[in-house]
Amino acid sequence: MADQLCCVCGKVSTKTIGQRAFCDEHFETATHQRKGVWRSVWGQVIALVVFVVLVYAAEAFFKPVLGQTALVVAGVILAVVPALIWLAFFYQQDRLEPEPKAFIASVFVLAMLAAAAIWLPLAENVFRLSKWMYADTLTTILGGILIVGFIQEFLKYAAVRYSVYRSAEFDEATDGIVYATAAGLGFATVLNIHFVLANGGVDLGTGVIRIAIVSLAQASFAGITGYFLGRAKFESEPLWWMPAGLTLAAVLNGLFFWLRTEITQSTVTLTSGGSNPWYGLALAAVLAGGTAALLAWLIRRNIKSALAA
Amino acid sequence: MTTATSSSSQRSLGDRYSDWAVIVVTLVAVFLGWLLMSNVQSRSVPFDSGGVKGLMPAGWVTDLAEAGVVLHTSELGGSGFSTTYQVEVIPVASGRLPADVASFYSIDRAQNLNTVRLLDQQDVTVNGQNGNKVTYAFVDADSDLTRADVPVVVRGVDFFFVAGDNAVVVTFQASEDNYEADFGRFRRLLESLNF
């Protein structure tokens with residue numbers, strides 16, 4: 001009789017989940033409820049909203065007069081804060097069984113490189129999105145899904161799939177979400193730094209809201225792809241599984257940025273301005289919290305059904 | 001005897017081709033996005049002004065401030081210099097060649113724009129109509145004091161045609177970064193003109 005080998009470490013397996021073979025050790029990790037991951041996501045959402053409110057209030061109260069260089073430096077620092085907040089929460093919550101820092105950092109940097117070297121040149125020089133994507137609502141939605149959504153989500157997927165995915169450290173389905181979130185935050189960091197530099201610095205109040213929105217949204221979309229990646233590694237899934245996951249993330253990506261634009265634009269009157277970025281932040285916070293809750297529920301359900309089987 | 005088999009030998013279709021399926025789906029989506037982009041950028045609306053008919057890009061801003069200008073349309077949005085297409089009809093003495101009109105027009109432009117540089121001038125044929133083409137560049141440093149951006153280098157091209165006692169001047173101007181990419185759309189406008 002032929003013994004199957006563990007899909008994580010290659011040792012002789014003793015158990016299976018969804019046609020995947022596991023040794024005792026990795027069956028334990030694959031069915032481990034890792035609550036720290038979810039606490040770190042929700043902690044990040046709350047901490048980021050608090051951070052935004054504090055920066056906004058400080059800007060409104062002190063009304064600092066900054067030169068262009070100071071605005072750029074402040075903007076770049078703000079752009080890095082969401083990733084630092086998540087990392088701080090993640091390592092604080094996940095200290096019993098932490099992912100190697102080097103792995104998290106490598107995925108983060110890979111996603112940054114993909115954003116800077118592939119996405120930004122494609123968006124600005126090849127597709128020149130700003131010239132046509134806002135022609136009408138349908139074009140904004142379709143362009144947002146087909147070009148922005150698919151390319152961004154593929155690059156974040158690739159940063160995980162072609163780096164840590166095959167390593168023995170990727171030993172839980174939840175790891176897909178952890179590493180993909182790191183990729184999403186790396187991607188968002190570059191988008192935010194680019195936004196700051198392209199505008200020669202940003203107004204601190206509205207700038208920090210935009211930075212938080214982009215970070216929460218990019219991390220959430222990546223988390224969805226990460227869930228599908230994690231399942232694909234630890235359970236034998238059909239051919240359509242991973243493309244469906246990427247498509248779902250891309251569609252959400254396209255719809256989110258259209259919806260954000262729609263709800264943040266208010267009517268321009270003689271006495272009021274044309275946009276309210278707080279609605280966008282609320283939408284991003286709901287998206288991030290909702291996505292985390294949904295993924296946590298899905299992972300818990302998968303583990304339950306694996307153990308029952 | 002017990003033999004150990006790698007789980008890879010029992011990999012499902014999804015395990016083996018999932019990566020390729022993701023790449024194919026992404027490429028198909030991006031290709032559809034490309035078609036969408038081409039469709040949006042080629043949308044045009046007809047115009048008929050001052051005896052000149054043609055197709056201009058849809059959704060662009062149009063103004064006719066100057067005498068003789070039958071079409072002046074600029075791209076909406078973006079920062080810096082907006083890509084502009086212009087069609088102007090100017091009366092000329094009969095028997096003038098397009099090259100003569102081009103020379104006079106270029107001298108006039110040089111008197112109004114200190115920074116203009118003539119890059120090339122040559123005879124051309126567009127839709128069977130003989131004309132003259134002048135390419136040039138200048139620095140866009142308009143007098144709007146509210147603009148805080150650095151002046152940009154603008155590249156332009158004028159096509160000159162003579163029809164009876166009138167010359168038709170078709171102009172395309174874009175920032176150096178957008179010139180090549182926007183020239184295709186200008187070519188569509190140029191080839192659609194009827195006068």
Side-chain angles (χ1 to χ4, degrees), chain A residues 1-7 10-13 16 19-22 122 124-136 138-139 142-151 153-155 157-158 161-162 198-200 225 229 232-233 235-247 250, chain B residues 1-44 57-60 74-80 82-83 148-150 174-175 177-182 184-185:
Chain A
M1 181 190 159
D3 287 334
Q4 289 192 352
L5 301 182
C6 172
C7 67
K11 290 178 188 166
V12 174
S13 69
T16 58
Q19 296 175 18
R20 285 275 196 275
F22 290 86
L122 279 178
E124 293 187 349
N125 304 328
V126 177
F127 290 104
R128 304 199 305 156
L129 298 174
S130 62
K131 283 183 165 281
W132 60 272
M133 224 179 80
Y134 306 102
D136 54 63
L138 186 63
T139 302
L142 288 178
I145 293 170
L146 294 171
I147 294 180
V148 180
F150 268 97
I151 296 178
E153 297 315 316
F154 178 79
L155 292 174
Y157 156 86
R161 175 62 187 82
Y162 300 108
N199 289 284
T225 310
L229 258 174
K233 176 156 182 177
E235 293 175 46
S236 187
E237 300 292 356
L239 183 62
W240 54 263
W241 177 259
M242 204 53 241
L246 191 87
T247 303
Chain B
M1 184 179 141
T2 301
T3 54
T5 60
S6 162
S7 54
S8 63
S9 64
Q10 297 176 357
R11 293 170 75 196
S12 69
L13 202 63
D15 294 338
R16 279 178 288 164
Y17 299 112
S18 172
D19 290 350
W20 288 108
V22 167
I23 291 169
V24 168
V25 166
T26 303
L27 288 176
V28 169
V30 173
F31 177 68
L32 292 175
W34 184 277
L35 292 181
L36 174 73
M37 178 182 76
S38 303
N39 176 274
V40 173
Q41 290 193 325
S42 63
R43 284 178 196 164
S44 52
W60 284 33
S74 305
E75 191 170 27
L76 256 179
S79 56
S82 297
T83 299
D149 47 352
V150 176
S175 67
D177 294 341
N178 293 326
Y179 183 85
E180 295 295 339
D182 286 340
R185 271 191 293 181

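So you know, we letter chains A, B, ... as the sequences are listed, proteins then strands, and number each from 1.
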message = Tell me every residue that passes salt bridge (charged side-chain N to carboxylate O under 4.0 Å, His left out) with A:K233, counting only those two or more places apart in sequence or in another chain.
response = none

request  = Just give me the residue among A:Y157, A:Y134, A:W241 that pairs up with chain B most often, heavy atom to heavy atom, under 4.5 Å.
outcome  =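 Heavy-atom pairs under 4.5 Å are most numerous for A:Y157.
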
Pick one of side chain, backbone, both or neither for [X], based on which atoms fall under 4.5 Å of a heavy atom in chain B.
X: A:A135; result: side chain
X: A:L142; result: both
X: A:N125; result: neither

Taking atom [atom1] of [X] and atom [atom2] of [Y], what is their separation to the nearest 0.5 Å?
X: B:T26; Y: A:L146; atom1: OG1; atom2: CG; result: 11.0 Å
X: A:L138; Y: B:L36; atom1: CG; atom2: CG; result: 7.5 Å
X: B:S42; Y: A:W132; atom1: OG; atom2: CH2; result: 12.0 Å

inquiry  = For a side-chain contact (heavy atoms from CB on, under 4.5 Å) check, start with the C-alpha distance between A:Y162 and B:D19, then their side-chain angles and the critical distance, and finish with the verdict.
reply    = CA-CA 10 Å; A:Y162 300 108; B:D19 290 350; 3.7 Å; yes

task = Show your reasoning for whether side-chain contact (heavy atoms from CB on, under 4.5 Å) applies to A:F150 and B:V25.
result = CA-CA 9 Å; A:F150 268 97; B:V25 166; 3.7 Å; yes

request  = With sequence neighbours excluded, tell me which residues meet side chain to side chain contact (heavy atoms under 4.5 Å, CB included) with A:F127.
outcome  =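 If we apply the side chain to side chain contact (heavy atoms under 4.5 Å, CB included) test to A:F127, skipping adjacent residues, the hits are A:L122, A:L129, A:I147, A:I151, B:V30, B:W34, B:M37.
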
message = Please classify the contact of B:A181 with chain A as side chain, backbone, both or neither, using a heavy-atom distance under 4.5 Å.
response =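 Both backbone and side chain.
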
query = Of the backbone (N, CA, C, O) and the side chain (C-beta and beyond), which part of B:N178 lies under 4.5 Å from a heavy atom of chain A, both, or neither?
reply = both

message = Salt bridge or not between B:D182 and A:R128? Use side-chain N to carboxylate O under 4.0 Å.
response = yes

Trace of the side-chain contact (heavy atoms from CB on, under 4.5 Å) decision for A:K131 with B:T83 = CA-CA 10 Å; A:K131 283 183 165 281; B:T83 299; 4.0 Å; yes

remark   = Smallest heavy-atom separation, A:L239 atom then B:A21 atom, equals CD1-CB, 4.0 Å

